2 protein chains.
Amino acid sequence: MKIGEMASATATNIETVRHYEKIGLLPLPARDAANYRSYGQEHLARLSFIRRARDLGFTLDQVRELLGLADHRDQSCAAVDAIATVHLTEIDRKIADLQSLRGELSRFLGDCRRGTVADCLIIETLAPAGLPR
Amino acid sequence: MKIGEMASATATNIETVRHYEKIGLLPLPARDAANYRSYGQEHLARLSFIRRARDLGFTLDQVRELLGLADHRDQSCAAVDAIATVHLTEIDRKIADLQSLRGELSRFLGDCRRGTVADCLIIETLAPAGLPR
DNA sequence: TATGCACCCTGTAACAACTACAGGGTCAAG
DNA sequence: CTTGACCCTGTAGTTGTTACAGGGTGCATA
């Protein structure tokens, strides 16, 4: 299959596929007579893996680690566990941050709707603590 | 105060402070005899505002808008409202995404702890649907 | 007095993870 | 036989920083 087909099969930008190749995440594919990239099922599988892992928020370096582990399936699962655990901790932190941010913003909005910017607490609330209001 | 003091007072990298100056988010400070940047309280307040807004997930362009509004306090609050409302919607989406991701990941982890990579469901689960397992 | 050392300066290049050209080649259909 | 959709390489842009390289300044200490 050509690059466009594989890209659309995985909801990936064509340029992104070439980018993954350039940074060594995707192996160099065969070329046809017109020098077009010619992909097989193994490329599709690998690209699908990369995209799903990216969707789940893994960085490309983490994806690289996971792919490395997939190539050594007889080893312990602990490394995969470690990567995912770190990731889970990060996610929990981000959720907490966003929730407190959400609280602040919705309070800001409630105040803000009362009047003009002169009374608007969005600006004031973001001013550093301890400065004159 | 010099740049290092202001940077550490706002938990900001010195290079980042200079960067904000370069892109016009922070006004040019006075210089002392040694050509060192010399900041006052107004710079500190503005930098604190920028950092807190960034922490809250505003882009630098949105920060620029908010700072613009702060400089014209007699205007309507509607613009601030609009920016914050868009942002609040984004935050809700991000929280939802992260929560579903969290569920998936923690399920993966539970499965993963059972054995070796050969049995590890993280890799399998991320493989494309429809491929041989 | 010299000599560290921490701090400051400018300017440029790197980072992630793409995305967007510019400027060209290939190929099937009308 | 040309229009359009697709493909190629290579370079440069994006956002928000961060990291040098290669210097200058200022204070304390041996």
Side-chain angles (χ1 to χ4, degrees), chain A residues 1-26 28-40 43-44 46-67 83 86-87 90 94 97 101, chain B residues 1-26 28-40 43-44 46-67 83 86-87 90 94 97 101:
Chain A
M1 107 198 65
K2 284 186 282 188
I3 195 171
E5 193 184 340
M6 191 169 75
S8 63
T10 54
T12 308
N13 196 306
I14 288 180
E15 333 258 351
T16 303
V17 178
R18 288 197 279 248
H19 173 69
Y20 288 162
E21 178 184 310
K22 191 158 58 185
I23 64 174
L25 265 184
L26 277 178
L28 296 173
R31 298 293 184 127
D32 69 10
N35 197 33
Y36 291 1
R37 287 168 180 82
S38 183
Y39 294 105
H43 293 97
L44 181 60
R46 201 172 173 96
L47 179 57
S48 298
F49 178 91
I50 296 168
R51 295 307 286 176
R52 290 206 60 199
R54 291 286 300 126
D55 270 0
L56 292 179
F58 290 92
T59 68
L60 287 184
D61 273 352
Q62 287 170 327
V63 172
R64 215 184 292 268
E65 284 185 84
L66 288 172
L67 284 170
I83 294 172
V86 165
H87 199 59
E90 265 180 41
K94 284 185 190 171
D97 284 357
L101 158 57
Chain B
M1 108 197 63
K2 284 187 282 188
I3 194 169
E5 192 184 341
M6 192 169 75
S8 63
T10 54
T12 307
N13 195 305
I14 288 181
E15 333 257 353
T16 303
V17 177
R18 288 197 280 248
H19 172 69
Y20 288 162
E21 178 184 310
K22 191 158 59 185
I23 64 174
L25 266 182
L26 276 179
L28 297 173
R31 298 292 183 128
D32 69 10
N35 196 33
Y36 290 1
R37 286 169 180 82
S38 183
Y39 293 105
H43 293 97
L44 180 61
R46 200 173 174 99
L47 178 57
S48 298
F49 178 91
I50 295 169
R51 295 306 286 176
R52 290 207 60 198
R54 292 285 301 129
D55 269 359
L56 294 178
F58 289 93
T59 68
L60 288 181
D61 274 351
Q62 287 172 326
V63 172
R64 214 186 292 271
E65 285 185 82
L66 289 171
L67 285 169
I83 295 170
V86 166
H87 202 62
E90 262 179 48
K94 284 184 191 171
D97 284 357
L101 162 56

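Every chain is numbered from 1, with letters handed out A, B, ... down the list of sequences. Values in this document were obtained by computation on a predicted structure and should not be read as measured data.
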If you apply the rule side chain to side chain contact (heavy atoms under 4.5 Å, CB included), what do you find for B:Leu26 with B:Ile50, and how did you get there? CA-CA 9 Å; B:Leu26 276 179; B:Ile50 295 169; 4.2 Å; yes
Test side chain to side chain contact (heavy atoms under 4.5 Å, CB included) on B:Arg64 and B:Asp61 and set out the steps. CA-CA 5 Å; B:Arg64 214 186 292 271; B:Asp61 274 351; 3.8 Å; yes
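Checking D:dC8, C:dC8, C:dC18 against every side-chain atom of A:Arg37, the shortest atom distance belongs to D:dC8. Closest to the side chain of B:Ile3, from the set C:dC8, D:dT17, D:dC8, is C:dC8. Across D:dT9, C:dT12, C:dT10, the shortest atom-to-atom separation from the side chain of A:Arg31 is found for D:dT9. Listed nucleotides D:dC7, C:dT19, D:dG16 differ in distance to B:Thr59; the shortest reach to its side chain belongs to D:dG16. In the set D:dC7, D:dT9, C:dC18, the nucleotide with an atom closest to the side chain of A:Tyr20 is C:dC18.
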Starting at the 5' end of nucleotides 22-29 of chain D, put B wherever the base has a protein heavy atom under 4.0 Å, S where only the sugar-phosphate does, and a dash everywhere else. --BBS---
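B:Thr10 and B:Arg51 are not linked by any side-chain donor-acceptor pair at a separation below 3.5 angstrom, with hydrogens and angles left out of the test.
D:dC7 atom C1' lies 14 Å from atom CD of A:Glu5, rounded to whole Å. What separates CG of A:Leu25 from P of C:dA16 is a distance of 11 Å, to the nearest Å. In this entry the distance linking NE2 of B:His19 with P of D:dT14 reads 12 Å, nearest Å. A straight line from CD of B:Glu21 to P of D:dG16 spans 18 Å, rounded to a whole angstrom. When the P atom of D:dT18 is taken as reference, atom CD1 of B:Ile14 falls 12 Å away, rounded to whole Å.
Rounded to the nearest 0.5 angstrom, A:Glu21 CD and A:His43 NE2 are separated by 8.0 Å. Rounded to the nearest 0.5 angstrom, B:Arg54 CZ and B:Thr12 OG1 are separated by 11.0 Å. Taking CG of B:Leu25 as the start and CG of B:Leu60 as the end, the distance is 5.5 Å to the nearest 0.5 Å. Atom OG of B:Ser38 is separated from atom CD1 of B:Ile3 by 11.5 Å, given to the nearest 0.5 angstrom.
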Kindly give the atom pairs (protein nitrogen or oxygen, nucleotide nitrogen or oxygen) under 3.5 Å for nucleotides 19-21 of chain D.
residue	atom	partner	partner atom	Å
D:dA19	N7	B:Glu15	OE1	3.3
D:dC20	N4	B:Glu15	OE1	3.2

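Nearer to the 5' terminus of DNA chain D, by closest-nucleotide assignment, is the contact made by A:Ser38 (compared with the other of A:Ser38 and A:Lys22).
Residue contacts for A:Ile23: at a heavy-atom cut-off of 4.0 Å it reaches no nucleic acid atom on any strand shown.
Residues B:Arg31 and B:Arg37 have side chains in contact (heavy-atom distance under 4.5 Å, counting atoms from C-beta outward). Between A:Tyr39 and A:Leu47 the shortest side-chain heavy-atom distance does not fall below 4.5 Å.
Residue B:Arg51 has a polar side-chain atom (N or O) positioned under 4.0 Å from OP1 or OP2 of D:dT17.
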